[in-house]
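Proteins get letters first, then strands, A, B, ... in listed order; numbering begins at 1 in each.
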Number of protein chains: 2
Amino acid sequence: MGLSERKEREKAELKELILDAAKRILLKNGKEGLSIRKIAHAIEYSPATIYLYFPDKDAILHELMEIGFGLMSKYLVPAFAEQDPVQRIHSIGKAYAKFGMENKDWYDLMFNSEKPMKHIEKCAEEWDQGMAMFNFLTASCKQAIDLLGLKGIDERILALHFWSTVHGLVNLAHSDRLEIIERNQTRQLIDRTLEAAMASIFRT
Amino acid sequence: MGLSERKEREKAELKELILDAAKRILLKNGKEGLSIRKIAHAIEYSPATIYLYFPDKDAILHELMEIGFGLMSKYLVPAFAEQDPVQRIHSIGKAYAKFGMENKDWYDLMFNSEKPMKHIEKCAEEWDQGMAMFNFLTASCKQAIDLLGLKGIDERILALHFWSTVHGLVNLAHSDRLEIIERNQTRQLIDRTLEAAMASIFRT
DNA sequence: AAATTTACTAAACAGTGTTCATTAAATCCA
DNA sequence: TGGATTTAATGAACACTGTTTAGTAAATTT
């Protein structure tokens with residue numbers, strides 16, 4: 001009746017093959033250049049076969065998104081380990097921006113893709129890695145608030161303020177808007193703005 | 001030799017017709033739903049005709065972008081008129097966010113579309129409306145800095161910090177990331193974060 | 001009236017995501 | 001082992017996309 005273990009393993013293997021090819025194509029050709037047909041060609045199967053392993057293209061993008069969070073954590077782990085909460089938040093911001101700048105397509109997938117998500121419950125589950133990240137930032141903000149004795153500041157709003165700023169910077173950089181403000185200074189603009197944000201938020 | 005005035009007027013009229021149809025389709029079907037073929041069908045011409053009036057689809061999107069800035073200015077003008085620079089900046093932020101939230105597709109076109117722009121000089125010209133907006137914000141920041149006697153703060157960085165924050169908030173809202181943080185509270189989250197940003201930046 | 005310019009389009013090219021009937025192979029059961 | 005059944009994979013189609021080009025019909029000029 002049910003699939004044998006070998007069968008299931010083989011099924012999982014082809015699924016992995018598809019994701020691997022998708023990953024390669026994403027890196028080489030960008031988000032726009034990633035197509036079902038190119039994936040199929042890369043793994044030498046027909047396009048229709050892809051649909052035996054994934055319901056649609058969005059499902060593939062979704063799984064890529066989860067892989068992307070794995071890549072991002074490599075940037076973030078050292079920042080997470082920082083002792084001083086204020087310094088930690090600054091490091092998180094820098095690492096986040098660095099990841100965003102060096103992995104445009106991944107970043108887009110993870111933070112700018114609109115999900116059809118009719119069922120937000122499920123989505124909250126599926127974006128749990130992003131959520132965990134935000135929760136960690138929020139906890140760090142709480143620590144920083146306590147440490148500095150800041151009164152009347154909601155750590156969730158603070159975390160969102162910080163996230164929005166860095167997310168905004170990365171997106172402005174990706175759409176070349178920072179180049180328009182000051183040519184060839186994108187990296188410096190991001191660093192300086194991040195520092196200014198830290199200074200104003202934590203009143204150093 | 002040259003086109004008669006009537007001819008030129010007619011040419012401009014069809015161009016306007018194309019842009020009008022594009023605008024309608026953008027509003028009805030969103031950015032993804034906007035296609036050359038749909039525009040052609042709407043104005044009852046063949047798709048090829050579009051290419052006699054615009055070099056490519058990007059050129060149409062570009063002109064739509066400029067129309068979008070016209071729409072946006074309706075939101076911003078009252079904020080620009082505000083006397084107190086600090087209050088003015090806050091109002092600009094709120095109006096900007098309001099425009100972004102109520103005009104997702106326009107916003108995307110104006111602030112998230114990547115331009116092929118090989119020649120950044122030209123682009124800076126073509127994005128002059130956005131640039132003018134940013135310059136006005138920068139000037140307001142300078143005024144606020146002087147008024148509050150804030151030391152060692154670069155108004156350009158301050159303006160960028162503020163812009164990034166609001167831009168980030170709008171984009172996070174558009175990609176449903178704020179819904180994940182706190183369901184059905186997107187508007188409040190934006191308002192509160194904007195207030196927190198104002199408070200921390202201007203130390204009120 | 002003939003020649004030329006202008007305005008427009010049908011058809012094609014190369015691509016996209018997705019579906020479905022069909023085939024070939026593997027597995028199961030008698 | 002032989003026949004029935006399940007499974008895996010696909011070719012071909014559908015309905016789209018942006019864009020190009022050769023060709024036509026109408027308006028204008030000579």
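- Listed by chain and residue number, A:Arg156 satisfy the salt bridge (charged side-chain N to carboxylate O under 4.0 Å, His left out) test with B:Glu182 (two or more places apart in sequence, or in another chain).
- B:Asp191 is linked by a salt bridge (charged side-chain N to carboxylate O under 4.0 Å, His left out) to nothing, counting only residues two or more places apart in sequence or in another chain.
- With D:dG11, C:dT9, D:dT19 as the candidates, the nucleotide lying closest to the side chain of A:Ala48 is D:dG11.
- What separates CG of A:Leu52 from P of C:dT18 is a distance of 14 Å, to the nearest Å.
- Every pair tested for ring pair (Phe, Tyr, Trp, His ring centres under 6.0 Å) that includes a residue from residues 17-45 of chain B fails, sequence neighbours excluded, so the list is empty.
- For the contact set between residues 17-42 of chain A and DNA chain D, defined by any heavy atom under 4.0 Å, the members are A:Arg37.
- Within the 4.5 Å cutoff, the side chain of A:Leu61 has no heavy atoms near those of the A:Ser113 side chain.
- Phosphate proximity of C:dT9 to B:Tyr45: absent, as no side-chain N or O sits under 4.0 Å from OP1 or OP2.
- Within 6.0 Å of atom NZ in A:Lys57, more than 12 heavy atoms from other residues, nucleotides or ligands are found, so the atom counts as buried in its surroundings.
- Five base pairs at each end of the helix from C:dA1-D:dT30 to C:dA30-D:dT1 define two local axes, and these are offset by 30° (rounded to 10°).
- When the P atom of D:dA8 is taken as reference, atom CG of A:Leu14 falls 10 Å away, rounded to whole Å.
- Atom CD1 in B:Ile50 sits about 11 Å away from atom P in C:dC8, given to the nearest Å.
- Rounded to an integer number of Å, the gap from CD1 of B:Ile43 to C1' of C:dT9 is 13 Å.
- Taking atom CD of A:Glu13 as the reference point, atom P of D:dA8 lies 14 Å away to the nearest angstrom.
- Regarding contacts with the backbone of D:dA9, a side-chain N or O of A:Tyr53 is found under 4.0 angstrom from either OP1 or OP2.
- In terms of the ring pair (Phe, Tyr, Trp, His ring centres under 6.0 Å) criterion, residue partners of B:His174 (sequence neighbours excluded) are, by chain and number, B:Tyr107.
- When the side-chain nitrogen and oxygen atoms of A:Ser46 are compared with OP1 and OP2 of D:dA9, none of them lie within a distance under 4.0 Å.
- Taking A:Glu155 as the reference, nothing meets the salt bridge (charged side-chain N to carboxylate O under 4.0 Å, His left out) condition, with sequence neighbours excluded.
- With sequence neighbours left out, the salt bridge (charged side-chain N to carboxylate O under 4.0 Å, His left out) criterion links B:Lys94 to no other residue.
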Considering only distance and modelled atom types, tabulate donor-acceptor pairs under 3.5 Å from the side chains of residues 16-38 of chain A, sequence neighbours left out.
residue, atom, partner, partner atom, Å
A:Ser35, OG, A:Lys38, N, 3.1
A:Lys38, NZ, A:Gly33, O, 3.0

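- The nearest whole Å value for the distance from the OH atom in A:Tyr51 to the P atom in C:dG17 is 6 Å.
- Rounded to an integer number of Å, the gap from B:Glu44 CD to C:dT9 P is 10 Å.
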